[in-house]
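Since the structure is predicted, the reported quantities are computational estimates derived from the model, not experimental observations.
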Amino acid sequence: MASGLRERPAYPAAGLAPDILMLDLARAAQGLAAAAALAGGMTALAQTVDGPARLRAFSLVGTAFGVGLAFGPIASGAIIDAAGWPMIFALVAALGLAACLAGTRALTESCDRAAACA
């Protein structure tokens with residue numbers, strides 16, 4: 001969850017980038033935070049769900065990736081045509097924030113307090 005929250009500020013930064021260097025730096029920050037969020041999310045999912053439900057959960061994640069890859073470019077193109085390229089980053093930031101808020105209600109703590117949690 002924390003890595004997902006670290007990723008969010010990079011989206012407005014990319015949308016408000018005054019030049020290509022700042023856009024590239026913001027996109028690099030997005031990539032690093034997204035990699036951490038994916039790794040942490042898959043680990044939390046594996047710890048939270050067992051048996052056949054785990055297979056369904058990971059299948060849903062894979063399906064979501066496939067749908068995103070198939071329809072993302074089409075949806076992004078439509079949004080860019082309608083509202084300009086900075087709107088992509090604003091929309092993703094808003095959706096990500098909504099997902100983080102939903103996660104705080106649906107996810108349980110995965111850290112063992114008896115262990116060394118950082």
Side-chain angles (χ1 to χ4, degrees):
M1 182 76 115
S3 57
L5 289 173
R6 282 191 296 266
E7 180 183 5
R8 294 302 130 222
Y11 283 95
L16 299 171
D19 57 37
I20 193 69
L21 176 62
M22 294 308 295
L23 177 61
D24 285 345
L25 291 173
R27 295 290 288 155
Q30 288 172 347
L32 290 172
L38 178 63
M42 295 299 101
T43 301
L45 185 61
Q47 290 178 348
T48 304
V49 184
D50 290 320
R54 182 182 289 172
L55 176 63
R56 285 191 302 276
F58 279 100
S59 296
L60 182 61
V61 170
T63 301
F65 286 162
V67 168
L69 288 170
F71 296 106
I74 297 167
S76 295
I79 293 168
I80 289 169
D81 281 347
W85 67 267
M87 185 55 70
I88 292 291
F89 299 109
L91 180 62
V92 171
L95 291 173
L97 183 59
C100 286
L101 291 173
T104 60
R105 295 179 185 206
L107 298 174
T108 59
E109 177 61 57
S110 63
C111 181
D112 181 3
R113 291 292 172 198
C117 290

Could you see if Ile79 belongs to whatever hydrophobic cluster contains Ile74? Use Ile, Leu, Val, Met, Phe, Trp, Tyr and a side-chain cutoff under 4.5 Å. no

Kindly work out whether a path of hydrophobic side-chain contacts (I/L/V/M/F/W/Y, heavy atoms less than 4.5 Å apart) joins Leu16 to Val92. no

Evaluation steps, side-chain contact (heavy atoms from CB on, under 4.5 Å), between Leu55 and Ser59: CA-CA 6 Å; Leu55 176 63; Ser59 296; 4.1 Å; yes

If you take all heavy atoms of [X] and [Y], which pair is closest and at what distance?
{"X": "Thr48", "Y": "Ala44", "result": "OG1-O, 2.6 Å"}
{"X": "Ile80", "Y": "Trp85", "result": "CG1-CA, 4.0 Å"}
{"X": "Ala57", "Y": "Leu45", "result": "CB-CD1, 3.8 Å"}
{"X": "Pro86", "Y": "Gly15", "result": "CB-O, 3.5 Å"}
{"X": "Leu69", "Y": "Pro73", "result": "O-CD, 3.4 Å"}
{"X": "Arg54", "Y": "Val49", "result": "NE-O, 2.8 Å"}

Just verifying a value: how many Å separate Thr43 OG1 and Leu38 CG, rounded to the nearest 0.5 Å? 9.0 Å

What's the spacing between Leu25 CG and Ile20 CD1 if we round to 0.5 Å? 10.0 Å

Determine whether more than 12 heavy atoms belonging to other residues, nucleotides or ligands lie under 6.0 Å from atom CE of Met22. no

